[in-house]
Amino acid sequence: MRFLHLSDTHLGYNQYGLFERGKDFFDAFNEAVEIAIERDVDFVIHTGDFFHSSRPSNRVIVEAINILSRLKDRNIPFFTISGNHDRGSNVKDISPLNILQTSGLTVVDQRVVEHEGVFISGIKYVSKAGLRHLGGLKESINRLLDQTGNGFKILMLHQEFYPFFPESELYLSEEIPEGFDYVGIGHYHIAQEPTEINKAVIVQSGSTEFTAYHESEEKKEKGVYLVEVDREIKAEFIKLRSLRPFISVRLDEDSLDDLIRDLKEKVEKIASSSDKNAVVIFKGILRKSGVKDILKILEDYGLKAGSDQILHFNFNITREIQLQDESFILENEEKLISEELKKIIGDKDLYSSVKEVIDHLRSFESIDDAKKYLKENPDLLEL
Ligand SMILES: [Mn+2]
């Protein structure tokens, strides 16, 4: 038996508000489907965040159906669970993934599906409030395990496990009971080497494209796992090739010219080997200059966003601001907002619920979609 494991495709995410980035996520998914067909797999599992939004646009749904139909035509079933991005409203609505059930996709939220002697079970993303209420996942997982019969057993999860999420109190070794053969986990976007816990092979395949770009991601490839089950389980990581190239630059005002000369070299090297123009991410601290000054220097070196070589410049920088008493503070907008919010709310649990709602709202494609969602779900915070 052979299957493909992928995760966090985030279809419909027009990162930086760019249509080109939206297309990148589809390119990556398309490539994963191609691998499934080429390697002649028996089925595909996807561990959540298939869509980026719980309200994907019509265009995104149609495009997803088109790609899924290539698997359906070859009788390759596709099993998935709802992630935090595509689970729909907790109470009233169902996941948009249900729209795709006639396109060969099966949603395995809180149930077990048998496919040719293989038992595929899954649990949709459970929020922090939900986890507190349930006292973890173990009970729900055991209930699923009880519904399986004799055969290969797969479990799909989409959760924050320690130490991948350092603040999480969810431990793999405590939540996964003995009895499963393969546990596929989504949500953490950086692919991990397979491990073994309670006799199950644990695989986190990571996202198929870059949703946030960290230095830690720079060293890791994006891809999918091809899993061969014979007498033993062999999970092989297959790197995706259709990805958008990213270049990360740490700004240092004392050596701007050197930095940008270096960047120019990198950009040219990438342009000669990739079909796609690069996204450049700037990080670091600015004291004397602003973003405009940096853009001016870049232009002097012939580097421009929206050109053949560069798609987009992203500035994720901290500014140093002088206060009246002559002291300095470092200001990073994102961090400042979180800190301020924490102070206003005061309660740690309530803060994490509010933050979860905010992050969810940010996943909508437009403000109108977010407004509509808020109107329809006045009890969003489950207070
Ligand atoms: Mn995700």
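The figures here come from the full heavy-atom set of this structure, side chains too, leaving out hydrogens, waters and symmetry mates. Counting starts at 1 for both ligands and their atoms, following the listed order. All figures in this text were calculated on a predicted structure; none of them were measured in a lab.
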Side chains of Tyr301 and Asp257: donor-acceptor distance under 3.5 Å anywhere?
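Yes, side-chain donor-acceptor contact under 3.5 Å.
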Restricting to salt bridge (Lys or Arg N to Asp or Glu O under 4.0 Å), what partner residues turn up for Arg143, sequence neighbours left out?
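Scan of Arg143 (salt bridge (Lys or Arg N to Asp or Glu O under 4.0 Å), adjacent residues dropped) gives Glu139.
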Do you know which N/O/S atom name in His10 is closest to the Mn ion (ligand 1)?
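Of the nitrogen, oxygen and sulfur atoms in His10, the Mn ion (ligand 1) lies nearest to NE2.
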So, of the N/O/S atoms that Asp49 has, which is the nearest one to the Mn ion (ligand 1)?
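In Asp49, the heteroatom (N, O or S) nearest the Mn ion (ligand 1) is OD2.
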When the aromatic ring centroids of Tyr188 and Phe161 are compared, is their separation below 6.0 Å?
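No, too far apart.
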With the Mn ion (ligand 1) as the apex, the OD2/NE2 angle for Asp8 and His189 - to 10°
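It is 80°, given to the nearest 10°.
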Pairs under 3.5 angstrom only: tabulate donor-acceptor contacts from the side chains of residues 228-239 to other protein residues two or more places apart or in another chain.
unit_1	atom_1	unit_2	atom_2	d
Glu228	OE1	Arg2	NE	3.4
Glu228	OE2	Arg2	NE	2.9

